[in-house]
Amino acid sequence: MSRPVDPLADPHAHLSAETLRRGDSIKWRQHPEGVIPLWIADMDFPVAAPVLDAVRARLDSAIGYPVSDAPELKAAIARHLARSGLSGLRAGNIALTPSVVPGIYASVNALSAPGEAVVLLTPVYHPFHMAITELGRRPLGVPLLDTPEGYRVDWEALEAACAQSRLLLLCHPHNPTGRVWTPEELERLRDLAVKYDLFVMSDELHADLRYEGRAFESFAADPRVQARTVTVTGPCKAFNTAGLGIGAMISHDADLVARVRGAAGGLMGHPAALSLTMWQAALDHGQPWLEETVAYLQGNRDFISNYLREKLPWVRFHPVESTYLAWLDLRAHPRAADMHAFLLQEAQVALNDGPMFAPEAQKPLYQGFVRLNFATSRALLTEALERMRVALAHP
Ligand SMILES: Cc1ncc(COP(=O)(O)O)c(C=O)c1O
């Protein structure tokens, strides 16, 4: 089993629960002192120095309304997205949003009608199904299949769902299973979108956090689906800037962007000047930090895999291809029915509860699953896994 990293070589060895609790992090402040929080998806690591420098420098200039079209930032976003196949984007193809979630809600609002079914692959990032139900649509959840090779799409069930809908919500890479959909899977998804004349909202927020140098292709990289797809993304996962919310809705069809943007009307607001600066700096200067961070996260992911294989072999876990979120299946445990509460109480580890990642009808399928955020120091992660192991041994 891999050993915890050498504290002298570990750039995050200095992270301490005491320091992390001092700020206003909801992750660290939600639970009593003593609990190790590995739930909501932000990282315990400090933001890249060049990004912080740019944000500090921004405070020295005026903070009036910024140029509304943010042309430099949009050009940088377009250059970045071209690397995953979204080429030729111009300013009119990109609408900035105050964070990514409003783009999800606006897409559901604009691209489906009340009462209609909206398709999604479960388990999935909870605002997907919340947007559908809160906006009066019907979530048609298609459970992913757990195979020896990892989570896979149930194509037959997905096709049956697509036949009843006009909108598919895709999470690529997929939160919480960590799948990066392969070119072959993307082709089949695109075939379905074309065959059933669907709009697609593809949330690609985690795309820059990929392990083993895995390639990434945007869903809308294929011209066949560009006019029916809205891609949403932002800097907050890769660069750990969730508190400086900003995001973007993108389509090769500028009219589609305008339609989705219009569905939110004046409720959308505009992004903050500091956030524009932050995203620009992250794209221009954040790459070395990102590469180091991904390497560290990959080490944490491997540490979890090895730990589980050696000490908790009955826990099902498919090592994630992207994201810093581990989707753990603990249904074999006697306390599966209240696993989240059990681990919080007995291990003093706060995770996300499986059922939250599914609409009402599918919640029971995910009882006994938890999502663990491993974007913390190796020492805190080790302590959390040890606490879980001891608690799980005494149900
Ligand atoms: C797939 C996905 N989309 C959107 C978000 C939230 O993005 P934002 O905070 O920019 O609204 C998250 C956060 O975890 C996420 O995992």
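All ligand and atom numbering here is 1-based and tracks the order in the structure.
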In ligand 1, which numbered atoms sit nearer than 4.0 Å to a non-hydrogen atom of [X]?
X	value
V101	6 (C), 11 (O)
N175	15 (C), 16 (O)
H206	1 (C), 15 (C), 16 (O)
C171	1 (C)
A41	14 (O)

Among I104, L205, D42, which one has a heavy atom closest to atom 7 (O) of ligand 1?
L205

What about V100: any of its N or O atoms under 3.5 Å from an N or O on ligand 1?
yes

Does the plane of the ring in Y125 sit parallel, tilted or perpendicular to the ring in F128? Use 30° and 60° as the thresholds.
perpendicular

Using 30° and 60° as the class limits, which term best fits the ring planes of W327 and F369: parallel, tilted or perpendicular?
parallel

Could you measure the distance from the NE2 atom of H12 to the CE atom of M43? Nearest 0.5 Å is fine.
8.5 Å

Spacing of T376 atom OG1 and L20 atom CG [to the nearest 0.5 Å]
6.5 Å

Can you report which non-hydrogen protein atom sits closest to [atom], along with the distance?
atom	result
atom 11 (O) of ligand 1	S99 OG, 2.8 Å
atom 3 (N) of ligand 1	D203 OD2, 2.5 Å
atom 9 (O) of ligand 1	C236 SG, 4.0 Å
atom 14 (O) of ligand 1	K237 NZ, 2.8 Å
atom 5 (C) of ligand 1	Y125 OH, 3.1 Å

I want to check a possible cation-pi pair here: R309 against F317, using under 6.0 Å from ring centre and within 45° of the ring axis as the test.
no

Looking at W155, does the NZ or CZ of R188 lie under 6.0 angstrom from its six-membered ring centre and within 45 degrees of the ring axis?
yes

Test R371 against every option in T323, D353, N352 by the side chain to side chain donor-acceptor pair (under 3.5 Å) rule and name the one that passes.
N352

Which of E204, R83, H172 passes side chain to side chain donor-acceptor pair (under 3.5 Å) with S218? Answer is E204

